[in-house]
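Everything below concerns the one structure shown next.
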Amino acid sequence: MNKVVVTVVGSQKDATGTESRIELISEGKHYYKNGINYVLYSDSELSGVQGTSTLLKIGDDHMTLIRKGDVMQEQYFARAYESTGIYKTPYGNLSLSVKTNDINIKYGSVSGTVIIDYALSMEGQWQSDNLLHIEICADKKEKNQLN
């Protein structure tokens, strides 16, 4: 298992044309098994709820995002694919639908980039067009300790 730094930048545009952006930088762990890159990190700052971890399962042309903890969610992203799921929070549950317009994955042995363009619907109503940019980089502190 390798230590990594995960940077997540999400931008969205809603029906009024209002754009918003979120950014998270978190330390995480990476491992590779059976053709899939696994990245685990805490996203409490991103979800606004403490005690939530995120697992990314990154393949060549698809990604699954799994959140566990105070917020629970599983979402699958693949080009031209629409996935549905339940977003569970301490405040209640929401039905989510994600239509992936495009996904671009470039991954090396530990580091990589995932860019996902998707539309988000909640409870059957379109909410926003979104761009998710995820960078996974080998933790430089770990590299320096090995040298």
Side-chain angles (χ1 to χ4, degrees), residues 1-140:
M1 197 164 306
N2 302 293
K3 288 184 180 179
V4 292
V5 175
V6 181
T7 303
V8 179
V9 178
S11 59
Q12 60 184 14
K13 184 186 277 190
D14 65 18
T16 66
T18 303
E19 292 188 42
S20 60
R21 176 184 155 104
I22 55 169
E23 184 169 349
L24 165 80
I25 299 173
S26 182
E27 292 182 344
K29 296 178 181 172
H30 166 270
Y31 65 96
Y32 181 83
K33 183 177 178 182
N34 298 328
I36 301 290
N37 286 286
Y38 294 84
V39 179
L40 179 65
Y41 64 95
S42 173
D43 76 345
S44 296
E45 303 149 46
L46 191 62
S47 65
V49 180
Q50 296 300 313
T52 301
S53 64
T54 297
L55 174 66
L56 304 177
K57 295 167 63 174
I58 305 167
D60 291 335
D61 61 355
H62 63 278
M63 182 183 86
T64 303
L65 176 146
I66 302 168
R67 287 193 175 113
K68 290 190 176 177
D70 292 340
V71 171
M72 307 268 285
Q73 175 191 19
E74 183 168 332
Q75 210 69 57
Y76 180 79
F77 299 91
R79 184 175 286 118
Y81 184 84
E82 186 166 1
S83 68
T84 58
I86 302 295
Y87 185 71
K88 298 177 183 177
T89 77
Y91 314 107
N93 299 341
L94 293 168
S95 172
L96 290 184
S97 175
V98 170
K99 170 84 166 61
T100 306
N101 300 314
D102 197 15
I103 184 167
N104 188 334
I105 298 172
K106 293 181 180 156
Y107 222 100
S109 59
V110 176
S111 300
T113 303
V114 179
I115 301 170
I116 305 171
D117 175 3
Y118 67 96
L120 173 67
S121 296
M122 284 190 200
E123 301 296 326
Q125 297 293 315
W126 176 85
Q127 296 295 308
S128 58
D129 287 325
N130 302 269
L131 188 63
L132 184 61
H133 186 120
I134 303 168
E135 293 274 343
I136 298 103
C137 297
D139 189 329
K140 290 176 179 46

How close do [X] and [Y] get, counting heavy atoms only, and between which atoms?
{"X": "Ala119", "Y": "Asp129", "result": "CB-OD1, 3.6 Å"}
{"X": "Ala138", "Y": "Ser111", "result": "N-OG, 3.0 Å"}
{"X": "His62", "Y": "Ala78", "result": "CB-CB, 4.1 Å"}
{"X": "Ser42", "Y": "Ser26", "result": "O-OG, 3.1 Å"}
{"X": "Tyr87", "Y": "Arg67", "result": "CE1-NH1, 4.2 Å"}
{"X": "Gln75", "Y": "Ser83", "result": "NE2-OG, 2.9 Å"}

Taking atom [atom1] of [X] and atom [atom2] of [Y], what is their separation to the nearest 0.5 Å?
{"X": "Ile134", "Y": "Met63", "atom1": "CD1", "atom2": "CE", "result": "4.0 Å"}
{"X": "Met72", "Y": "Ile86", "atom1": "CE", "atom2": "CD1", "result": "12.0 Å"}
{"X": "Ile103", "Y": "Tyr81", "atom1": "CD1", "atom2": "OH", "result": "12.5 Å"}
{"X": "Leu40", "Y": "Glu27", "atom1": "CG", "atom2": "CD", "result": "12.5 Å"}
{"X": "His133", "Y": "Ile116", "atom1": "NE2", "atom2": "CD1", "result": "11.0 Å"}
{"X": "Thr89", "Y": "Gln73", "atom1": "OG1", "atom2": "CD", "result": "11.0 Å"}

Indicate whether the side chain of Thr113 and that of Glu135 have a donor and an acceptor atom separated by less than 3.5 Å.
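The criterion, which ignores hydrogens and geometry beyond distance, is satisfied for Glu135 and Thr113.
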
Would you mind reporting whether Val6 and Val39 have side-chain heavy atoms less than 4.5 Å apart?
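Sidechains of Val6 and Val39: in contact.
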
Would Asp14 and Gln127 count as a side chain to side chain contact (heavy atoms under 4.5 Å, CB included) here? Give the steps.
CA-CA 6 Å; Asp14 65 18; Gln127 296 295 308; over 6 Å; no

Hey, is [atom1] on [X] packed in by over 12 heavy atoms from elsewhere, all under 6.0 Å?
{"X": "Gln125", "atom1": "CD", "answer": "no"}
{"X": "Asp60", "atom1": "CG", "answer": "no"}
{"X": "Lys99", "atom1": "NZ", "answer": "yes"}

I'd like to know if Glu19 pairs up with Arg21 as an ion pair, taking the criterion as any Lys NZ or Arg NE/NH1/NH2 lying under 4.0 Å from an Asp or Glu carboxylate oxygen.
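Not counted as a salt bridge, because no side-chain N and carboxylate O are separated by less than 4.0 Å.
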
Step by step, work out the side chain to side chain contact (heavy atoms under 4.5 Å, CB included) result for Tyr107 and Ile136.
CA-CA 9 Å; Tyr107 222 100; Ile136 298 103; 3.4 Å; yes

So Tyr41 and Val8, side chain to side chain contact (heavy atoms under 4.5 Å, CB included) or not? Walk me through it.
CA-CA 11 Å; Tyr41 64 95; Val8 179; 3.7 Å; yes

Would you find a donor on one side and an acceptor on the other, under 3.5 Å apart, between the side chain of [X] and the backbone of [Y]?
{"X": "Ser97", "Y": "Ser121", "result": "no"}
{"X": "Ser128", "Y": "Asn130", "result": "no"}
{"X": "Thr52", "Y": "Gly69", "result": "no"}

Mind running side chain to side chain contact (heavy atoms under 4.5 Å, CB included) on Leu96 and Leu120 for me, showing each step along the way?
CA-CA 7 Å; Leu96 290 184; Leu120 173 67; 3.9 Å; yes

Looking at Asp61, Thr100, Asp102, Asp117, which hits side chain to side chain donor-acceptor pair (under 3.5 Å) with Arg79?
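Only one of Asp61, Thr100, Asp102, Asp117 forms a side chain to side chain donor-acceptor pair (under 3.5 Å) with Arg79, namely Asp102.
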
